[in-house]
*Asks:* 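Encoded as structure tokens, here's the structure I'll be asking about.
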Amino acid sequence: MAARVLMKAIHSLRSPGVVGAALSCNGHTFSSAAAAARPAAPSVDAGVNEKILNVPLTQPDYFRLSELFTVKDLFEARVHLGHKKGCRHRLMEPYLFGSRLDVDIIDLEQTADHLQRALNFTAHVAYRGGIVLFVSRRRQFAHLVERTAQECGEYAHTRYWQGGLLTNAPVQYGPGVRLPDLIVFLSTLNNVFQTHVGIRDAAKMNIPTVGIVDSNCNPSLVTYPVPGNDDTPVAMELYCRLLKMTINRAKDKRKRMELLKGI
Amino acid sequence: MACVSRVVVRAVRPRAFINCSKPRASTAGPSYSTDAGASTGENPAGAAEKPKKGFAAAYELQSDLKLQQQEERSGGGSAAQPARRSSARQDASFASLLRHSPLMQMGPAKDKTVIGKVFHVVQDDLYIDFGGKFHCVCKRPEADGERYRRGSRVRLRLEDLELTSRFLGASTDTTLLEADATLLGLVESREGKAKE
């Protein structure tokens with residue numbers, strides 16, 4: 001009986017149907033669905049809740065994300081290929097392994113470390129019921145990013161970013177809007193090779209960001225930068241697959257923990 | 001096999017050992033291996049508990065490799081063998097992976113012939129991926145034009161891996177996000193399967 005009440009509470013908190021329907025191109029339905037989808041209604045014992053939330057924080061790799069990828073997988077997905085030397089951003093120099101015949105090569109040992117941290121953070125955010133927003137302004141991968149977001153039950157924004165989307169949200173979308181808890185940039189540049197406005201806005205609104213930074217991108221202001229190739233379809237598919245697996249893993253773990261502790 | 005060689009060496013060695021008059025070496029094992037003048041490296045360590053040095057270590061390594069090769073050739077092998085090999089490959093560092101990759105071994109991209117795959121077609125434009133960071137776009141040739149579909153393998157002569165140029169007044173290069181290559185023709189497959 002208590003378990004059934006618990007299940008109902010869980011379903012009301014994380015109704016996947018509403019989440020899936022809330023995906024939208026121009027962001028207008030995003031806010032209203034977000035406001036409706038996740039009301040705070042804790043009917044769980046406070047001690048059990050604390051245990052569910054604090055136990056994953058005690059271990060460095062609670063979700064075992066290091067087994068999801070290896071340096072060889074990154075290499076075969078051409079993640080190490082950067083742009084030409086002339087396109088290089090000065091702040092990306094620490095992440096570069098070197099330059100071969102004018103082509104920058106990104107150091108995959110560092111990338112693996114950064115990617116591990118970024119995936120771990122994403123997993124913890126998803127575990128705690130946070131909203132993840134995937135942003136990419138690359139038209140070549142817009143469909144891939146939107147499909148990834150749909151498959152893991154999160155949100156995507158791959159169209160024109162309106163100026164006040166994060167900073168003026170209560171005015172633009174109505175009061176009481178819930179903003180994303182994590183923004184994942186699958187490409188930190190917009191269509192004119194400038195840094196995406198969302199990075200600065202997320203920093204202003206205290207929203208952590210994960211960003212795939214290529215050798216021509218500015219990695220500052222991104223909370224968890226992942227130096228890597230963002231132009232090749234193989235690399236983008238790898239990132240999307242890893243993020244989807246991370247988020248699904250974290251959500252499944254949360255469901256299992258709640259079932260375990262609830263009993 | 002190692003013990004046989006040890007026996008053989010012990011029968012032969014003492015003569016050379018006496019002639020050399022070394023003050024050290026109370027035990028038989030280490031003295032053989034440090035006897036650099038007389039020995040040609042054929043000195044196994046004494047007891048099995050000591051870590052093998054010199055020839056014994058090399059022999060063991062070579063016999064392991066030979067065993068691995070034989071099992072590879074036989075095509076079978078236990079589950080442990082593939083696991084060991086795959087873990088060895090995974091332990092290969094990024095630097096060695098990079099060094100042996102075709103892109104690095106190729107050198108400058110100018111006038112190199114590569115094989116690419118058509119992944120998108122827009123009327124007369126073929127978008128071809130050859131394994132680099134970017135794809136290249138080529139015009140469909142007049143000869144055999146209909147045979148260029150999605151998934152066709154083609155031969156290309158590369159000009160540049162990324163089309164970039166620094167314009168006046170700019171601080172960074174402007175990039176076209178494309179590679180430059182000339183289409184040489186289709187790759188003829190020997191099996192006789194025609195690409196649909």
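To find a chain, count down the sequence lines: A is the first, B the second, and so on, and within it residues start at 1.
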*Asks:* May I ask you to name which of A:Asp73, A:Asp102, A:Leu81 has the most heavy-atom pairs under 4.5 Å with chain B?
*Replies:*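 Most heavy-atom pairs within the cutoff with chain B belong to A:Leu81.
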*Asks:* What part of A:Arg138 gets within 4.5 angstrom of chain B, counting heavy atoms only: side chain, backbone, both, or neither?
*Replies:*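 The side chain, not the backbone.
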*Asks:* Judged by atom type as modelled, is there a donor-acceptor pair below 3.5 Å linking the side chain of B:Arg166 to the main-chain atoms of A:Gly86?
*Replies:* yes
*Asks:* Taking the six-membered ring for Trp and the full ring for Phe, Tyr or His, determine whether the centres of A:His83 and A:Phe193 are under 6.0 Å apart.
*Replies:* no
*Asks:* Hey, does A:Asp230 have a side-chain heavy atom less than 4.5 Å from the side chain of A:Cys217?
*Replies:* yes
*Asks:* Would you mind checking which part of B:Thr175 comes under 4.5 Å of any heavy atom in chain A, side chain (CB onward), backbone (N, CA, C, O), both or neither?
*Replies:*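 Answer is both: backbone and side chain atoms of B:Thr175 are under 4.5 Å from chain A.
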*Asks:* Is it the backbone or the side chain of B:Leu103 that comes under 4.5 Å from a heavy atom of chain A, or both, or neither?
*Replies:* side chain
*Asks:* Check whether any side-chain heavy atom of A:Cys152 sits under 4.5 Å from a side-chain heavy atom of A:Leu243, and report yes or no.
*Replies:* no
*Asks:* Which atoms of A:Ile105 are under 4.5 Å from chain B, going by heavy atoms: the side chain, the backbone, both sets, or neither?
*Replies:* side chain
*Asks:* Do the rings of A:Phe185 and A:Trp161 sit parallel, tilted or perpendicular, given the 30° and 60° boundaries?
*Replies:*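 Tilted: the ring planes of A:Phe185 and A:Trp161 meet at 30° to 60°.
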*Asks:* Pick one of side chain, backbone, both or neither for B:Ala109, based on which atoms fall under 4.5 Å of a heavy atom in chain A.
*Replies:*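 Neither part.
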*Asks:* Measuring heavy-atom distances to chain B, does A:Glu76 have an atom under 4.5 Å in its side chain, in its backbone, in both, or in neither?
*Replies:*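 Neither part; nothing is under 4.5 Å.
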*Asks:* Mind ranking A:Arg78, A:Arg88, A:Glu109 by heavy-atom pairs under 4.5 Å with chain B and telling me who comes out on top?
*Replies:* A:Arg78
*Asks:* Specify which of A:Leu101, A:Val234, A:Asp107, A:Leu108 makes the most heavy-atom pairs with chain B at under 4.5 Å.
*Replies:*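 Heavy-atom pairs under 4.5 Å are most numerous for A:Leu108.
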*Asks:* So, for A:Pro208 and A:Thr223, which heavy atoms are closest and what is the spacing to 0.1 Å?
*Replies:*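 Looking at all heavy atoms of both residues, the shortest contact is CA-OG1, 3.5 Å.
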*Asks:* Evaluate the ring planes of A:Phe75 and A:His80, with Trp represented by its six-membered ring, and classify them as parallel (under 30°), tilted (30 to 60°) or perpendicular (over 60°).
*Replies:*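 If you compare the ring of A:Phe75 with that of A:His80, the planes turn out parallel.
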